[in-house]
Amino acid sequence: MEEKYNPEQIELHWQEVWNREKTFAVHEDKTKEKFYLLEMFPYPSGRIHMGHVRNYTIGDVIARYLRMTGKNVLHPMGWDAFGMPAENAAISHKTHPKDWVDNNIANMKAQLKRLGLSYDWDREVNTSVPSYYRWEQKFFIEMYKKGLAYRAKSAVNWCPHCTTVLANEQVIDGKCWRCSSDVVIQEKEQWFLKITEYAEELLKDCDTLTGWPERVITMQKNWIGKSEGCEILFGIDGMDDKLRIFTTRPDTVYGITFMSIAPEHPLVEKMVTEQHRGAVQAFVDRIRRGGTKTREIEAGEKEGVFTGRYAISPFTGEKIPVFVANFVLMEYGTGAIMAVPAHDQRDFEFAKKYGLGIKVVIQPDAEVLDPETMQHAYEGSGKMVNSNQLSGTDNEQGKALVIGKVVKEHLGTAKINYKLRDWGISRQRYWGAPIPMVYCDTCGIQPVPFDQLPVELPMDVQITGEGESPLARHEKFLNATCPVCHGHAKRETDTMDTFMESSWYFEKYTSPSVKDAPFDRHALDYWMPVDQYIGGIEHAILHLLYARFITKVLRDLGYVRNNEPFSNLLTQGMVIKDGAKMSKSLGNIVDPENIIKQYGADTARLFILFAAPPEKDLEWADKGVEGARRFLDRLWRLVYKHINRLQQHGTPSANEDTGALAIRRLTHKTIKHVTDDIIKDRFHFNTCVSALMEMLNSLYEADDKGIKDADLNAFREALNTLLILLNPFAPHITEQLNKELGNPSLLTAPWPAYNPSFTHDNIVSVVIQVNGKLRGQISVPENSDEHTVFGIASADEKIKSYISNKPVKRLILVKDKLLNIVV
RNA sequence: GCGAGGGUGGCGGAACUGGUAGACGCGCCAGACUUAGGAUCUGGUGGGAUAACCGUAGGGGUUCAACUCCCCUCCCUCGCACCA
């Protein structure tokens with residue numbers, strides 16, 4: 001055995017063994033309980049960063065631990081290989097995106113292996129290869145045939161920097177999710193997937209995701225944004241057209257004092273009277289020019305102009321003035337609303353600003369609302385007033401009654417609205433999966449027949465980053481044959497959003513090598529769903545919503561059985577340095593490769609696991625890394641010191657002297673501690689690591705006193721156990737030391753069970769409080785009752801002085817822990 | 001504004017269903033071994049004068065006992081942000 005711990009040598013050795021022997025390859029095995037553990041696969045940017053190290057280390061601990069408990073663990077890794085940066089790199093480095101990506105994958109794969117991550121690399125998936133995306137193209141066509149994929153012209157989010165369209169989910173605060181450029185709105189034809197068709201199920205099934213963080217569920221629910229109410233048609237004075245509005249508060253229809261419509265509403269032009277045309281036109285132009293961005297910034301400042309036109313209430317027959325207002329959104333509901341200032345804050349502010357009427361129709365029990373003195377709208381519940389025959393009704397019942405009336409009298413319909421929009425997946429980019437459709441002059445839009453898939457992305461392209469996608473200029477790709485009339489057709493040149501590939505890769509891992517179908521049905525059914533998914537919170541909506549959607553679609557297409565892809569979700573925090581996210585611009589990046597070179601992978605892993613619980617942000621501290629390394633050095637030295645004695649074999653016997661017994665207690669208490677902590681509490685590995693540190697500290701103390709020959713078996717048990725317990729966290733050093741000790745590989749070692757007779761003591765120390773204040777500590781036999789403990793305690797001089805001679809009113813005993821003496 | 005999660009030593013963080021606050025690590029202090037040490041080892045380390053006592057954002061409450069439960073206030077982070 002080497003005297004000095006040399007992580008590089010040890011780690012490379014074991015990694016080579018694992019690689020050569022395909023140690024972590026798994027197969028379906030019905031005799032074992034399966035566990036599908038997955039971390040979000042990376043974009044092959046070229047180098048791994050600390051966020052990856054954290055994500056994958058957390059996963060690896062779980063994988064290695066679960067294997068030791070006998071589970072059949074699927075733990076795969078792959079590459080989300082399509083996407084913009086490859087094209088940008090191609091432009092700036094004059095390489096082909098494919099070469100750039102393949103090269104990056106090779107680098108990153110080596111880096112991941114260097115971390116000792118226990119993946120089944122035989123299942124590696126690369127989303128940019130035709131054998132992967134051909135199935136995605138098939139799914140797309142099947143969706144098209146079911147009406148779940150359609151082409152439409154609509155206002156879309158356009159990122160001028162990426163020169164492509166973005167989905168709603170990919171616009172964050174009016175900026176592109178990837179490059180932070182301001183997004184502009186453009187009219188474009190593009191392909192949509194009907195995620196709205198699944199809105200209700202996606203919302204409803206949130207309640208089945210009991211293993212997901214509450215805040216992710218909340219974000220998804222908010223994004224789907226369901227609201228129930230009704231649409232009501234209002235007549236327009238002097239016109240045949242009707243004004244359709246959506247409201248969730250039909251109980252307040254008697255409180256309408258005006259109407260508001262969006263500046264983009266098609267009826268604006270038609271409704272506005274000659275007298276008001278100039279003012280309305282000026283207002284609409286100004287709002288339009290500002291675009292969505294300024295409109296959001298100016299949120300709060302409500303503005304509008306009168307159209308000169310009146311709507312007619314189908315409930316009261318009253319004439320109601322119609323305004324064009326900046327806060328009414330064309331893209332939600334019907335683009336027009338009824339305004340009830342007494343019971344809606346926005347309408348209230350608008351009414352105050354323009355001196356419009358306020359009419360109270362809901363009266364709460366606690367106060368009497370007076371339109372004259374109200375400072376803000378009352379949006380709560382109460383009794384309906386000023387509402388004709390409905391006056392006196394509870395407003396919640398009133399909602400249903402008004403909807404009933406609306407439906408019965410054909411004034412409108414009951415309606416559920418969602419904020420969720422269909423998913424626009426067309427990207428005007430080269431490096432993506434081609435959308436498998438052709439345009440025939442005679443037959444119109446036609447899907448490519450299945451037997452002609454994949455529609456391969458041509459490799460011989462010129463990527464300039466300017467103008468149209470290279471595909472639009474690629475004659476051979478562009479020109480196709482119509483599958484129906486065999487005449488000339490043109491191919492769709494847009495590619496799919498890369499979130500499509502990441503919406504089903506976890507299913508592909510279950511059977512990566514099948515060729516004639518996307519999945520092997522038996523493998524899929526055996527492994528799915530993913531039991532534990534781990535990744536960054538930044539995908540709370542984007543990826544996780546799309547993946548849920550596509551899973552449900554694949555279920556309905558007959559490919560998969562499960563309703564949801566991920567049973568449990570862990571969202572790990574960021575790795576930060578000097579209080580900020582690591583970034584090039586801040587110059588606070590720590591390169592994992594340097595850390596591994598300097599300290600070793602085991603140290604890097606250990607530090608990352610120890611420094612913070614997984615869901616919290618982790619502050620990188622170089623000194624902390626040294627602490628982790630020190631622990632491993634100490635472990636190495638202790639084994640080295642005793643290696644010759646320890647190599648003899650033997651197991652601890654039943655009756656040991658006190659030294660051996662103390663060591664065995666330590667061992668079994670630590671097993672209990674680590675076993676209890678490792679999985680429960682959402683993987684708080686930091687306390688596991690600290691328990692192992694404590695154990696090592698205690699073994700050093702024992703060693704200080706001298707390990708007698710009689711203690712040797714207990715000492716050996718302690719070290720062997722420590723190595724097993726530490727193995728998921730630091731797999732290389734533990735495997736090496738374990739080998740030095742002459743034991744069979746830890747890969748086949750079962751997770752140890754603790755012996756309960758060693759996890760508690762016969763003599764326990766009990767805290768003594770007098771009147772709730774800590775006054776001393778005494779040793780008593782286990783399970784002593786309050787009188788016994790009090791007897792011993794009151795004999796203690798110090799405690800006696802606190803009791804003095806006051807009568808004891810009460811004794812409160814927490815068995816084997818605490819006695820509170822109330823005097 | 002709404003929703004969620006938080007506020008514990010100089011720092012990262014422990015503390016199970018109310019029961020020794022500050023485990024473990026970093027840093028710091030002292031000592032040992034050393035030519036030396038940024039190596040290693042030993043001891044100490046919430047504040048306070050070694051005391052009484054005070055301490056888990058602040059204030060109040062329940063309790064024999066509160067970081068933990070209840071009420072009020074302040075602050076931080078994240079998400080949503082005119083969705084009718």
Side-chain angles (χ1 to χ4, degrees), chain A residues 172-173 213-223 225-227 229 245-249 252 259-260 262 295-296 298-302 325-329 331-340 343-347 349-350 376 379 417-420 537-538 540-541 573 606-607 610-613 615-628 630-631 633-634 637 673 676-677 680-681 684 686-697 700-701 704 765-777 809-823:
Chain A
I172 316 289
D173 293 332
E214 194 53 45
R215 63 185 188 130
V216 176
I217 298 286
T218 309
M219 283 161 80
Q220 294 227 344
K221 283 183 177 172
N222 289 343
W223 188 262
K226 179 183 184 175
S227 56
I245 62 99
F246 173 70
T247 183
T248 57
R249 293 296 302 272
T252 63
M259 314 282 283
S260 303
R295 211 154 140 184
E296 270 166 29
E298 288 164 5
E301 185 58 30
K302 282 158 194 61
N326 66 342
F327 67 93
V328 181
L329 306 172
E331 56 276 18
Y332 184 79
T334 61
I337 59 167
M338 60 180 221
V340 185
H343 305 294
D344 182 286
Q345 185 59 22
R346 294 155 302 184
D347 297 342
E349 286 168 31
F350 195 87
H376 48 80
E379 297 182 337
N417 262 324
Y418 299 91
K419 283 199 259 181
L420 185 70
I537 185 74
E538 66 272 18
I541 294 175
L606 201 64
F607 168 71
F610 176 64
E615 74 282 1
K616 284 188 73 164
D617 284 351
L618 182 151
E619 171 77 31
W620 187 267
D622 293 335
K623 289 289 185 185
V625 181
E626 286 173 26
R630 211 168 291 156
F631 168 67
D633 279 329
R634 273 160 60 78
R637 276 205 309 275
H673 191 159
D676 285 351
D677 275 16
K680 72 146 216 228
D681 265 359
H684 283 204
N686 51 335
T687 58
C688 296
V689 175
S690 81
L692 295 169
M693 287 174 165
E694 280 182 83
M695 180 174 176
L696 184 65
N697 290 345
Y700 262 88
E701 274 173 42
D704 245 19
S765 103
V766 168
V767 164
I768 306 300
Q769 294 183 336
V770 179
N771 287 340
K773 295 210 165 164
L774 177 68
R775 294 305 184 198
Q777 199 168 25
K809 278 200 224 151
R810 217 173 141 186
L811 290 175
I812 294 133
L813 180 80
V814 182
K815 201 150 255 180
D816 298 337
K817 274 199 168 156
L818 171 144
L819 178 74
N820 191 6
I821 303 163
V822 186
V823 296

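Throughout, protein chains are lettered first and strands after them, A, B, ... in sequence-line order, and every chain is numbered starting at 1. As the structure is a prediction and not an experimental result, all values here were calculated from the model.
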Self-check item: Residue A/N820, side-chain atoms from C-beta onward, closest of B/G19, B/U20, B/A84
Solution: B/G19
Quiz item: What nucleotide among B/G27, B/A14, B/U40 has an atom nearest to a side-chain atom of A/P613?
Solution: B/A14
Quiz item: Is the glycosidic torsion of B/G12 within 90° of 0, making it syn, or is it anti?
Solution: anti
Exercise. Please work out if A/Q769 contacts a base, only the sugar-phosphate, or nothing of the nucleic acid, heavy-atom cut-off 4.0 Å.
Key: base
Less than 3.5 Å apart, which donor and acceptor atoms pair up between the side chains of residues 816-823 of chain A and the rest of the protein, not counting sequence neighbours?
unit_1, atom_1, unit_2, atom_2, d
A/D816, OD1, A/N783, N, 2.8
A/N820, OD1, A/G772, N, 2.9

Quiz prompt | Pairwise P distance, B/A21 and B/A52 [rounded to whole Å] | solution = 15 Å
Quiz item: So, is A/S227 near the phosphate of B/A84, with a side-chain N or O under 4.0 Å from OP1 or OP2?
Solution: yes
Exercise. Give A/K419 one of three labels, base, sugar-phosphate or nothing, depending on what nucleic acid heavy atoms sit under 4.0 Å from its own.
Key: base
Exercise. With the side chain counted from C-beta on, respond yes when A/Y332 and A/K419 share a heavy-atom pair under 4.5 Å apart, and no when they do not.
Key: yes
Quiz item: Under 6.0 Å from the CZ atom of A/R634, do we count more than 12 heavy atoms belonging to anything else shown?
Solution: yes
Quiz prompt | Least distance between heavy atoms, A/H673 atom then A/T687 atom | solution = NE2-O, 4.2 Å
Quiz item: Taking atom P in both B/G48 and B/A65, what distance in whole Å separates the two?
Solution: 29 Å
Quiz prompt | Inter-nucleotide P distance (B/U20, B/U56), Å rounded | solution = 16 Å
Quiz item: Which atoms form the tightest heavy-atom contact between A/F607 and A/V625, and what is the distance?
Solution: CD1-N, 3.6 Å
Self-check item: Nearest listed nucleotide, side chain of A/R637, among B/C82, B/G19, B/U40
Solution: B/U40
Self-check item: Inter-nucleotide P distance (B/C29, B/G18), Å rounded
Solution: 42 Å
Quiz item: Looking at the side chain of A/K623, which of B/A23, B/A84, B/C26 is the nearest nucleotide?
Solution: B/C26
Quiz item: What does nucleotides 4-12 of chain B look like as a protein-contact string, B for base, S for sugar-phosphate only, - for none, at under 4.0 angstrom between heavy atoms?
Solution: S-------B
Quiz item: Hey, does A/G627 reach any base, or is it just sugar-phosphate, or nothing, if we go heavy atoms under 4.0 Å?
Solution: sugar-phosphate
Quiz item: So what does A/D347 hit on the nucleic acid, given a heavy-atom distance under 4.0 Å: a base, only sugar-phosphate, or nothing?
Solution: nothing
Quiz item: So what's B/G12 paired with, Watson-Crick or G-U wobble, going by both distances under 3.5 Å?
Solution: B/C24
Quiz prompt | Under 3.5 Å donor-acceptor, A/R249 side chain and A/V340 backbone | solution = no
Quiz item: A/V822 side chain: which of B/C26, B/C64, B/C54 is closest?
Solution: B/C64
Quiz item: With respect to the phosphate group of B/U20, does any side-chain polar atom (N or O) of A/R775 fall under 4.0 Å of OP1 or OP2?
Solution: no
Quiz item: Taking the side chain of A/R630 as heavy atoms from C-beta outward, which of B/C26, B/G25, B/C41 is closest to it?
Solution: B/C26
Practice problem: Write down the partner of B/C69 under the Watson-Crick or G-U wobble criteria, each distance required to be under 3.5 Å. | Solution: B/G61
Quiz item: Counting only side-chain N and O atoms of A/Y332, is one of them less than 4.0 Å from OP1 or OP2 of B/A84?
Solution: yes
Practice problem: Check salt bridge (charged side-chain N to carboxylate O under 4.0 Å, His left out) between A/D347 and all other residues, then give those that pass, not counting sequence neighbours. | Solution: none
Exercise. Using the C1' atoms only, state how far B/G5 lies from B/G9, rounded to an integer number of Å.
Key: 24 Å
Practice problem: Could you check which of B/G79, B/U42, B/G27 has an atom nearest any side-chain atom of A/M219? | Solution: B/G79
Quiz prompt | B/A52 - base-pair partner by Watson-Crick or wobble geometry, distances under 3.5 Å | solution = none
Quiz prompt | Of the listed nucleotides B/A15, B/C16, B/A84, the one nearest the side chain of A/F327 | solution = B/A84
Quiz item: For A/R249 and B/A84, is the shortest distance between a side-chain N/O and OP1 or OP2 below 4.0 Å?
Solution: no
Practice problem: Could you tell me which nucleotide pairs with B/G31 by Watson-Crick or G-U wobble geometry, both distances under 3.5 Å, or answer none if nothing does? | Solution: B/C41
Quiz item: Do the side-chain N or O atoms of A/N686 get closer than 4.0 angstrom to the phosphate oxygens (OP1, OP2) of B/A14?
Solution: yes
Quiz item: Under 4.0 Å between a side-chain N/O of A/N697 and OP1 or OP2 of B/G25, yes or no?
Solution: yes
